[in-house]
Trainee: 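Have a look at the structure that comes next, please.
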Amino acid sequence: MTGRGRPRKSPDTKCAESKTRPEEMKRVSQPGCPEKDFTEERQNGTTKEQKPKERKKANHTEEKPSVQSTGKDKTTKPFTEAPVQGTKAKTYTGRAKTTEQPAEGITKTQPAIPKDTTKDSLKTTKVKTRGVKAKSPVAEVTTNTHPPTPKETTKASIKTKKAKTCTDKANSPEEFTEKTTKRQPATPKDTMKACVPQDSCDDKAAVDSLLRTTLELIKIKRNERADAAEVVNKIINQIIVHLKKKTLCFKEVEEPLRTGSYYENLKISNPDEFDVMLPIPVDRVNIEPFGEDGAFYSVALKRGNSPLKTFQETTTLSASKMLKEFRGEVKKSVKEFKEWEVIKKKKGCPAVTLTTTLQSITISLDVVLCLVVKSSWPAFTREGLKIEDWLGRKVKQEHKRKPYYLVPKYEGRGTVEKDGVLAKDIWRVSFSHIEKAILKNHGSQKTCCEKGGERCCRKECLKLLKYLLNLLKEEDSSFDKFCSYHAKTTFLHACCTRTKDTDWRASSLSHCFHLLLKDFVARLKHGVLHNFFIPTQNLLSGPARTRCNNLARRITEEHDKGFPIFKRHQTKNKLGN
DNA sequence: CATGTTCGCGAGTGC
DNA sequence: GCACTCGCGAACAT
């Protein structure tokens, strides 16, 4: 049977992924920090298509046949059903979604946000019957709103509900929650100052309540998830079928690795970002570090006749050429799917981003070309992934036996040359599959969060941190260099510091979140956040120190005042829709 | 808090 | 080697 459980069993081979990482991470090194690491892995999905089962719609749902006219601004392409992918494509009888969806205002804009999750599976669509969605129109209206993304500046105005901001936090001794201060060895030392909301005794309860209602707010709605998964899986399937049947260079593509927050169950607010890595196997490669942080490499194919030889220039495999060809094939494969638009290429970005609009929400799908390397990880990873104390030595070994991935990504100007190699032709290592595996199996005890085990609040803490970061980014564009990968990396290090499941009791949410924020703030103040897998790479070498300090200050402020930003957005959400 | 749904995903099976 | 089915867990929903 499936064993879900202890996964810690065999390594899976698939996996690969490439998500985009933080935007630019630069290098710096300082191995000093204590960090922990974790890895994740992803697996591939099977492609299968499902047959149309019909999704029934619930009560009155009217079906709308394919078209959804709701177009929204963005791409408006109606979703006509495009031809399904060849084979089995299911025909998918229409899913009638409930149409309505007023446009609610918020279309999520999320320009700068780094992507995170997004992945989807290609299975094709089974038609899902998502009966649910149809709920009564009325209800729908309200529910649909996508709350979360607040776009605008929220700043002030909003009526905060009673906000009890205690202004004087004055005395809060250290953290309120202090009780358990767990050990945090390596943790950065600086802490937020007063930690925690202040004083009033009830504050703690109030904060706890606020955090929980916030979590409710940012959770992905089941029907939205179903709708998004359906369109995303369909297009991914289409792309893979095309690559396998119509191309030479990419026909060996393996199962897609669905990575990123959506597939890690960490996506917040809307199911609008999917990351899928398409792994191309390479037999043997020689990799040479490009730069000093150990994250980027030039890649050379060894003997053999791989179809990828076409992209090999003198001695190295040209990432830019290969990506260009890949992009062209992706474009061809989605040509018939008028509802999807291929976004213009962004410099140094390894993804071909496709977007579509579903019920006024823009869904973006990052399709990332990657090479799967089934040999030992680069030497720069030696000091990384320090999960022994958290997940165990054995788990670590299993992860390190899995392949690693290389994605066509560079930083800065593509024309910079080092040792005869242009920056645009280098590759960055990716361990998204390990990140995913770790997040899915994040307990020190095998039973953490499982049926017989105790629930922890690790994921909740990370979701809150991501949400807080998103909100702060929305109100201050100078924070656009910070992304969810910074939050995730900080979280992984935190897990390696506070290793026990009892350090993350579900009932201690506010305290655990407090400690996580403290960690994040300390790293921002130091300007050092090591890549979890490659400690020599500093993910904060990009953003200027001032910005790091400003963000640290804003976070501390929110924390000390009891997260007024969360309150504002809750209120807004309530009225808004 | 228990029960029900659906997606994601691994594993098993048949061809 | 596939393509497909089956069953379970996570997370949402009632």
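In what follows, chains are A, B, ... by sequence order, proteins preceding strands, each numbered from 1.
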Trainee: Does Arg222(A) contact dT5(B) through a side-chain donor or acceptor facing the base, at a distance under 3.5 Å?
Mentor: yes
Trainee: By side chain to side chain donor-acceptor pair (under 3.5 Å), which residues pair with Arg505(A), not counting sequence neighbours?
Mentor: none
Trainee: Grab the CZ-C1' distance between Arg225(A) and dG9(C) for me, whole Å please.
Mentor: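 Distance check: Arg225(A) CZ to dG9(C) C1' gives 11 Å.
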Trainee: At under 4.0 Å, does any side-chain N or O of Arg455(A) touch on OP1 or OP2 of dA11(C)?
Mentor: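 So the side-chain polar atoms of Arg455(A) do come within 4.0 Å of the phosphate oxygens OP1 or OP2 of dA11(C), strictly under.
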Trainee: Given atom CD of Glu254(A) and atom P of dC2(C), what is their separation to the nearest angstrom?
Mentor: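 Rounded to whole Å, this separation is 11 Å.
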Trainee: Send over the distance from Asn265(A) CG to dT6(B) C1', rounded to a whole Å.
Mentor: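 So the CG-C1' distance, Asn265(A) to dT6(B), works out to 12 Å.
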Trainee: Does a side chain donor of either His399(A) or Lys396(A) reach within less than 3.5 Å of an acceptor in the other side chain?
Mentor: no
Trainee: Rounded to the Å, how far apart are Lys440(A) NZ and dG8(B) C1'?
Mentor: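 To the nearest whole Å, that distance equals 6 Å.
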Trainee: Quick one: Lys267(A) NZ to dC7(B) C1', roughly how many Å, whole number?
Mentor: 17 Å
Trainee: Does Ala205(A) offer a backbone N or O that forms a donor-acceptor pair with the side chain of Ser209(A) under 3.5 Å?
Mentor: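 Between the backbone of Ala205(A) and the side chain of Ser209(A) there is no qualifying donor-acceptor contact (under 3.5 Å).
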Trainee: Just N and O in the side chain of Lys221(A): are any of them under 4.0 Å from OP1 or OP2 of dA13(C)?
Mentor: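 So the side chain of Lys221(A) is outside the cut-off, no N or O lying under 4.0 Å from OP1 or OP2 of dA13(C).
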Trainee: Send over the distance from Glu460(A) CD to dA11(C) C1', rounded to a whole Å.
Mentor: 10 Å
Trainee: May I have the distance from Asn223(A) (atom CG) to dA13(C) (atom C1'), rounded to whole angstrom?
Mentor: 10 Å
Trainee: Could I get the full list of side chain to side chain contact (heavy atoms under 4.5 Å, CB included) partners for Glu325(A), not counting sequence neighbours?
Mentor: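 Glu325(A) satisfies side chain to side chain contact (heavy atoms under 4.5 Å, CB included) with Phe250(A), Phe311(A), Glu329(A) once adjacent residues are dropped.
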Trainee: How close or far is atom P of dG1(C) from atom CD of Glu252(A), stated in whole angstroms?
Mentor: 11 Å
Trainee: Quick one: is dC7(B) close enough that its OP1 or OP2 comes under 4.0 Å of any side-chain N or O from Tyr262(A)?
Mentor: no
Trainee: Counting just side-chain N and O atoms, does Lys244(A) come under 4.0 Å of either OP1 or OP2 of dC2(C)?
Mentor: no
